[in-house]
Chemist: 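This structure is in structure tokens; I'll ask about it shortly.
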Amino acid sequence: MELSVLNIKGEDTGRKVTLSDAIFGLEPNEHAMYLDVKQYLANQRQGTHKSKERNEVAGSTKKIKKQKGTGGARAGSIKSPLFVGGGRVFGPKPRNYSFKLNKKLKEVARLSALSLLARDNKVALVESFSLDTPKTKEMISILKNFSLTGKTLVVTPSVNQNVVLSGRNIPKLKVATAADLNTYDLLNTDKLILVEESVNVLETLFSA
């Protein structure tokens, strides 16, 4: 597919770039995308949850009432889960939620997400730009030129510190490099804005 290259004012420069079908023209693999997003979200979990079991809560170890003759069930410890303030049965323990995925599958997932955005006409190409200083107001004015309303993902060919700093306080905007793209961010955006050179980075990355 061909896309017109826009400038930062949102105007057509008259140039067109052909996007590779091997990256933007595949049939999306939904299961691969699901697994990759599942892994991404699992890796975000700290897994530091913890509740105390009956051997960890504070309380007397004395038998709280006699075994027989009370008319009620026998009870040996105030720390029993049956009582208020007692330990929890099979409570959560610290654990690592991360799991491994095949490298090829993760690549298929990212290509599927890129192809899905291209199929839905959610990809725009903008010529290279840079900011002299970090200016949130300047970044907002650039985004307004593209009439963006939802979530936006701006992809740069390499780390542009001023662009990153200018965009980090803007709601619904994320700036990422082409090499660091992940399936979750691609599926969690309404518009993908590719800086022109980032297309070459993607082609090099996925042709390896």
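None of these values were measured; they are calculated from a predicted model. Each residue takes its place number in the sequence, starting with 1.
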Chemist: Can you sort out the partners of Lys144 under side-chain contact (heavy atoms from CB on, under 4.5 Å), two or more places apart, ordered by chain and number?
Modeler: Ile140
Chemist: What are the two closest non-hydrogen atoms of Leu116 and Met33, and how far apart are they?
Modeler: CD2-CE, 4.3 Å
Chemist: Count the heavy atoms belonging to other residues, nucleotides or ligands that lie under 6.0 Å from NZ of Lys50, then report whether that count exceeds 12.
Modeler: yes
Chemist: Provide the full list of salt bridge (Lys or Arg N to Asp or Glu O under 4.0 Å) pairs with a residue in residues 77-96, sequence neighbours left out, each pair given once.
Modeler: Glu53-Lys93
Chemist: Hey, are the side chains of Thr48 and Pro94 touching, using non-hydrogen atoms and a 4.5 Å cut-off?
Modeler: no
Chemist: To check you understand the geometry: which heavy-atom pair defines the closest contact between Lys65 and Ala73, and what is its length?
Modeler: NZ-O, 3.0 Å
Chemist: For atom NE2 of His49, is the number of surrounding heavy atoms from other residues, nucleotides or ligands below 6.0 Å larger than 12?
Modeler: yes
Chemist: Out of curiosity, Ile8 CD1 to Glu138 CD, how far, rounded to the nearest 0.5 Å?
Modeler: 7.0 Å
Chemist: Hey, does Met139 have a side-chain heavy atom less than 4.5 Å from the side chain of Leu173?
Modeler: yes
Chemist: Can you confirm whether Ser80 sits close enough to Arg54 that some side-chain heavy atom of one is under 4.5 Å from a side-chain heavy atom of the other?
Modeler: yes
Chemist: Hey, could you give me the NZ/CZ distance between Lys68 and Arg74, rounded to the nearest 0.5 Å?
Modeler: 7.5 Å
Chemist: Nearest 0.5 Å, please: how far is OG1 in Thr61 from CD1 in Ile78?
Modeler: 11.5 Å
Chemist: Given the rule that I, L, V, M, F, W and Y join up when any side-chain heavy atoms are under 4.5 Å apart, are Leu26 and Leu19 in one cluster?
Modeler: yes
Chemist: Find out whether Asn160 and Phe129 are in side-chain contact, i.e. whether some heavy atom of one side chain is under 4.5 Å from a heavy atom of the other.
Modeler: no
Chemist: Within the supplied structure, the quantity of interest is the number of heavy atoms (other residues, nucleotides, ligands) at a distance under 6.0 Å from Asp132 CG; does it exceed 12?
Modeler: no
Chemist: Under 6.0 Å from the CD atom of Gln46, do we count more than 12 heavy atoms belonging to anything else shown?
Modeler: no
Chemist: Answer yes if Val37 and Leu35 sit in the same cluster of Ile, Leu, Val, Met, Phe, Trp and Tyr residues linked by side chain heavy atoms under 4.5 Å apart, and no otherwise.
Modeler: no
Chemist: Per the side chain to side chain contact (heavy atoms under 4.5 Å, CB included) rule, which among Leu181, Val195, Leu202 passes with Val155?
Modeler: Leu181
Chemist: Is Lys9 atom NZ crowded by more than 12 heavy atoms from other residues, nucleotides or ligands, each under 6.0 Å away?
Modeler: no
Chemist: May I ask you to say whether Glu107 pairs ionically with Lys104, meaning some side-chain N is under 4.0 Å from a carboxylate O?
Modeler: yes
Chemist: Return yes if some donor-acceptor pair links the side-chain N/O of Thr189 with the main-chain N/O of Leu186 below 3.5 Å, else return no.
Modeler: no
Chemist: Is there a path of hydrophobic side-chain contacts, each under 4.5 Å between heavy atoms of I, L, V, M, F, W or Y residues, that connects Leu187 with Leu111?
Modeler: no
Chemist: For atom NZ of Lys172, decide whether the heavy atoms of other residues, nucleotides or ligands shown that lie under 6.0 angstrom number more than 12.
Modeler: no
Chemist: Just verifying a value: how many Å separate Asp180 CG and Ser158 OG, rounded to the nearest 0.5 Å?
Modeler: 11.0 Å
Chemist: Using the rule side chain to side chain contact (heavy atoms under 4.5 Å, CB included), only one of Asp190, Ile193, Asp185 pairs with Leu153; which is it?
Modeler: Asp185
Chemist: side-chain hydrogen bond (donor to acceptor under 3.5 Å, both in side chains) with Asp36: which of Asn182, Thr183, Asn29?
Modeler: Thr183
Chemist: In sequence, state the C-alpha distance, the side-chain angles, and the governing distance for Glu127 and Asn7, and then conclude on side-chain contact (heavy atoms from CB on, under 4.5 Å).
Modeler: CA-CA 5 Å; Glu127 62 183 5; Asn7 58 27; 3.1 Å; yes
Chemist: Would you say the side chain of Leu6 lies within less than 4.5 Å of the side chain of Phe146, judging by non-hydrogen atoms?
Modeler: yes
Chemist: Looking at every heavy atom in both Lys191 and Ala124, which two are closest together, and how far apart are they?
Modeler: CE-CB, 3.9 Å
Chemist: If only atom types and distance count, is the side chain of Ser198 paired as donor or acceptor with the main-chain N or O of Ala178 below 3.5 Å?
Modeler: no
Chemist: According to a hydrophobic-cluster definition based on side-chain heavy atoms being under 4.5 Å apart (Ile, Leu, Val, Met, Phe, Trp, Tyr only), do Tyr34 and Leu101 belong together?
Modeler: yes
Chemist: Is a side-chain donor or acceptor of Ser112 paired with a backbone partner of Pro28 at a separation under 3.5 angstrom?
Modeler: no
Chemist: Is it the case that one hydrophobic cluster holds both Val175 and Ile170, taking links as side-chain heavy atoms less than 4.5 Å apart, direct or via other members?
Modeler: yes
Chemist: Is it the case that more than 12 heavy atoms not belonging to Tyr97 sit under 6.0 Å from its OH atom?
Modeler: yes
Chemist: Starting at CZ of Arg110, measure out to OG of Ser115 and round the result to the nearest 0.5 Å.
Modeler: 13.0 Å
Chemist: With a 4.5 Å heavy-atom cut-off, do Leu194 and Phe24 have their side chains touching?
Modeler: yes
Chemist: For atom CZ of Phe90, is the number of surrounding heavy atoms from other residues, nucleotides or ligands below 6.0 Å larger than 12?
Modeler: no
Chemist: Can you tell me how far the OH atom of Tyr184 sits from the CG atom of Asn43, to the nearest 0.5 Å?
Modeler: 13.0 Å
Chemist: Is the backbone of Thr156 close enough, under 3.5 Å, to the side chain of Glu197 for a donor and an acceptor to pair up by distance?
Modeler: no
Chemist: Which heavy atom in Pro134 sits nearest to a heavy atom in Ser166, and how many Å separate them?
Modeler: CA-OG, 3.3 Å
